[in-house]
Chemist: 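Take this structure, written in structure tokens, and hold onto it; I'll ask about it next.
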There are 2 protein chains.
Amino acid sequence: MNRFTDTFSEPLHCDAVKPAVYCQCVSQKQRRVTLRDIADETGLSLAAVSYAMRGLQLPLETRQRVQEVADRLGYQADPIARALASGRTGYVGVLCGSLGDLWQQGIAAALGRGLLQASRQALIVDASNDPALEASLAAQLVDQRVDALICLPIDPAAEHWRQVAERTVLVSIGDALPGVSTAAEVVFDNEATVSSALEQLARLGHRNIAVLTPATIATPDRPAEVVVHRLAAELGIRATLHTSPYELDGAHAVAREILAGADPPTAFFCLADSMAYGVYAATRELGLRVPEDLSVLGYDDNPVSGLLTPPLSSYRWPIELLVSSVVERTVRAIDEGKHSRRKVLVPIAQPRQSVGPPKSR
Amino acid sequence: MNRFTDTFSEPLHCDAVKPAVYCQCVSQKQRRVTLRDIADETGLSLAAVSYAMRGLQLPLETRQRVQEVADRLGYQADPIARALASGRTGYVGVLCGSLGDLWQQGIAAALGRGLLQASRQALIVDASNDPALEASLAAQLVDQRVDALICLPIDPAAEHWRQVAERTVLVSIGDALPGVSTAAEVVFDNEATVSSALEQLARLGHRNIAVLTPATIATPDRPAEVVVHRLAAELGIRATLHTSPYELDGAHAVAREILAGADPPTAFFCLADSMAYGVYAATRELGLRVPEDLSVLGYDDNPVSGLLTPPLSSYRWPIELLVSSVVERTVRAIDEGKHSRRKVLVPIAQPRQSVGPPKSR
DNA sequence: AAGAAGTCGTGAACCGCTTCACTGATACGT
DNA sequence: ACGTATCAGTGAAGCGGTTCACGACTTCTT
């Protein structure tokens, strides 16, 4: 009966009684076409149309008839109503630990595209490297009823991940979340990278290498140290591990200090390109040439790394592979509740001109 | 009565009849706390609680009582239900013409943060420089019921903006959308930048300047050409306008051609830093030094521009100002339906070391 | 004292879709 | 010919809020 008044009152209202209101009607955002409209038009019930639009149950002929009317009327399902009714929003949260980092921007953008193709909408959110903010944003996204949350965690060991996993599908990129029941994990094999980098440098003759790793939240164990020392021992070289901020400026200061110290290294391996930029800045300041006086190796392969003088050798992630497998696993976890096995990604070397043999002393 | 069965059937079900099902109950994502729960707890009606939670109508004492219970129960309003009922989703679409460009990434990330502060969720979407995709994504966002759409348009003159504006609040950044009733526009005064750049270069003695502008969709009028020529005439210098792709590689090729041509310019003004990188690449290839042999001036001030050799002089946008005013205007348009006047933003010069006087010939 | 004008709060409709339980009708097996 | 499946489709109950119209109870006017 509501529809009755709807349908009949409007033209009456507008043409005959008060034309002034008619203008309002026109200027208003137009009314949506709803399932009701299609139901009325086809003479079917609301439920039948709902099923038909989703290709369920009904015979092909009916589905086609409904589809046709829907097209003619320009029907677009209201995702909000659908979400409320079905319990699935179609939203997937993408919580980036630090979207300031270019590699995260790249992944986030690619995830946005990939999810869109899988008919989901990404909600990209940035924790700006603040663990407390990360926790609160995660909770906020869960409250927003995302179907899944994909994270590039700042602190994989943080408590909040466990709570998120209890409330939604949780997928982690980069690091595994220890003790959390994630639906999928695509992790970076940093150990393989460190190994490859040190080996490469050792082969060129470097015997004293500085490894710069981003200052992360303290974790129970610090695997990086162990790994670096073991590998160095195996290669018979010296490798020192230094923590440094992700950002250029911070890394610049750290690098300057290292280079000014006693027995400076002949090569840097930086676990982020942005830190390698900082090393470049330090070399410029100290009048050192890359790679003659100092070899520098990055990690991320930012698009600009190829532009520096000299172009920075680096490692890059197979982003398309990463994103497609994350999206696929996430969607499967949402739709079928199936958890996937952990997937380990090995980076691809991108040699350029910032690495060479050490100066003979 | 539904609540009755809810409350009573579950323990019965689980403990007595089939314990197996109970486990399922436990492992399930826990049930949300709803307004109903608070209503039951306080003895108030649903409507009263709804009002109270939003600080409406009711006396302070009641509101506090409700708030207290809500806190105790850990109530979080369901944004989906709220959206369906109120017609406002709290989502704001951010449609970036080409999120590959760093300046757009910066703005998008900042908008995400700013909107979050205004308790809205940004839906960031990338048209990858494809006008057709831009149109379809815009429609998709509108169908998703965003409260507003903020765009960084590829083609401001495109037809689809008009349709979007009819269906939602439309805000444009960068360019004005001719003939479209936008709720707000924060536009870049590119003319001022070009003028400033040419003046600066002319003052240093440059008499032959190449201006590189991104290849955009053909618009009815090409104001850039007119502007450049007028300004050049005023300054008594020669300035040639070249279109080039946004990306490094494309710009590289264009710059190489220009520099290899007859009567090459002594300075480049690039309307995007990424294009300036291409010019740098061309100079390296041709053995030219910056700024001694060629001055280069960029536009955007990417974070990496300061890292090049030599650091690139550029212009940057006051991003915080841009974002805060866009967010403010957008929110006002959503909440109060008020359209704002166009705001024009003038970029800030960021001088570094890529500009100098021309070599005396 | 009687009506007017608030306060505080309630019941019910509604947003647009999904989904469950169920009905009639037709086809099937024997 | 009779009971049983299967098919095509329906009615109504949600989902979790918002909002409108209205009622009971105080308080203020005059």
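Every chain is numbered from 1, with letters handed out A, B, ... down the list of sequences. These figures come from a predicted structure and were not determined experimentally.
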Chemist: Rounded to whole Å, how long is the line connecting atom CD of A/E61 with atom P of D/dC7?
Modeler: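 Those two atoms, CD and P, are 16 Å apart.
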Chemist: Atom CD of A/Q144 to atom C1' of D/dG17: distance rounded to whole Å?
Modeler: 16 Å
Chemist: Taking atom C1' of C/dC17 as reference, at what distance in whole Å does atom CZ of A/R54 sit?
Modeler: 8 Å
Chemist: For residues 121-139 of chain A, which residue pairs qualify under salt bridge (Lys or Arg N to Asp or Glu O under 4.0 Å), counting only residues two or more places apart or in two chains?
Modeler: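 Matches after skipping sequence neighbours: A/D126-B/R113.
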Chemist: Who passes salt bridge (charged side-chain N to carboxylate O under 4.0 Å, His left out) against A/K343, sequence neighbours left out?
Modeler: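 Counting only residues at least two positions away or on another chain, A/K343 forms no salt bridge (charged side-chain N to carboxylate O under 4.0 Å, His left out).
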Chemist: Between A/R341 (side chain only) and A/A184 (backbone N and O only), is there a donor and an acceptor less than 3.5 Å apart?
Modeler: no
Chemist: So which of residues 63-92 of chain A are in contact with DNA chain D, with a heavy-atom cut-off of under 4.0 Å?
Modeler: A/L84, A/A85
Chemist: Check salt bridge (charged side-chain N to carboxylate O under 4.0 Å, His left out) between A/R329 and all other residues, then give those that pass, not counting sequence neighbours.
Modeler: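 If we apply the salt bridge (charged side-chain N to carboxylate O under 4.0 Å, His left out) test to A/R329, skipping adjacent residues, there are no hits.
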Chemist: Suppose we screen for side chain to side chain contact (heavy atoms under 4.5 Å, CB included). Which residues come up paired with B/T182, at least two apart in sequence or across chains?
Modeler: B/L170, B/L177, B/V180, B/E185
Chemist: Taking side chain to side chain contact (heavy atoms under 4.5 Å, CB included) as the definition, give me every residue that meets it alongside A/S136, ordered by chain and number, with sequence neighbours left out.
Modeler: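 With neighbours one apart ignored, the set is A/L133, A/Q140.
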Chemist: Whole-Å distance between D/dG9 P and A/L46 CG?
Modeler: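 Roughly 15 Å, once rounded to whole Å.
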Chemist: Does a side-chain N or O from A/R36 land closer than 4.0 Å to OP1 or OP2 of C/dG16, or not?
Modeler: no
Chemist: Taking only side-chain nitrogens and oxygens of B/S50, does any of them come within less than 4.0 Å of OP1 or OP2 of D/dT18?
Modeler: yes
Chemist: Quick one: which residue pairs count as a salt bridge (Lys or Arg N to Asp or Glu O under 4.0 Å) with a foot in residues 59-74 of chain B, not counting sequence neighbours?
Modeler: B/E41-B/R72
Chemist: Is any side-chain nitrogen or oxygen of A/T34 closer than 4.0 Å to OP1 or OP2 of C/dG16?
Modeler: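 For A/T34, the contact criterion (side-chain N or O under 4.0 Å from OP1 or OP2 of C/dG16) is not met.
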Chemist: Check the distance between C/dT10's P and B/D40's CG and give it to me in whole angstrom.
Modeler: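 Rounded to the whole Å, the gap is 12 Å.
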Chemist: Do B/R120 side-chain atoms and B/A118 backbone N/O form a donor-acceptor pair below 3.5 Å?
Modeler: yes
Chemist: Between atom CG in B/L58 and atom C1' in C/dG6, what is the gap in whole Å?
Modeler: 15 Å
Chemist: For A/L44 and D/dG11, what is the distance between atoms CG and P respectively, to the nearest whole Å?
Modeler: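 After rounding, the reported distance stands at 11 Å.
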Chemist: Give me each pair satisfying salt bridge (Lys or Arg N to Asp or Glu O under 4.0 Å) with a member in residues 136-145 of chain A, each pair once, sequence neighbours excluded.
Modeler: A/D143-A/R167, A/R145-B/D78
Chemist: Under the rule for salt bridge (charged side-chain N to carboxylate O under 4.0 Å, His left out), what residues qualify as partners of A/R54, not counting sequence neighbours?
Modeler: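 By the salt bridge (charged side-chain N to carboxylate O under 4.0 Å, His left out) rule, A/R54 matches no residue at all.
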Chemist: Would you indicate which nucleotide in D/dG11, D/dG17, D/dG16 comes nearest to any side-chain atom of A/R145?
Modeler: D/dG16
Chemist: With axes from five pairs an end, tell me the bend angle of the helix from C/dA1-D/dT30 to C/dT30-D/dA1, nearest 10°.
Modeler: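 Helix axis angle between the two ends: 40°.
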Chemist: For residues 72-93 of chain B, which residue pairs pass the ring-ring contact (aromatic ring centres under 6.0 Å, His included) check, not counting sequence neighbours?
Modeler: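 For residues 72-93 of chain B, and leaving out neighbouring residues, the ring-ring contact (aromatic ring centres under 6.0 Å, His included) pairs sorted by first residue read A/Y91-B/Y91.
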Chemist: Collect all protein-nucleotide pairs involving nucleotides 20-23 of chain D in which both atoms are nitrogen or oxygen and the distance is under 3.5 Å.
Modeler:
from	atom 1	to	atom 2	distance (Å)
D/dC20	N4	B/Y51	OH	2.7

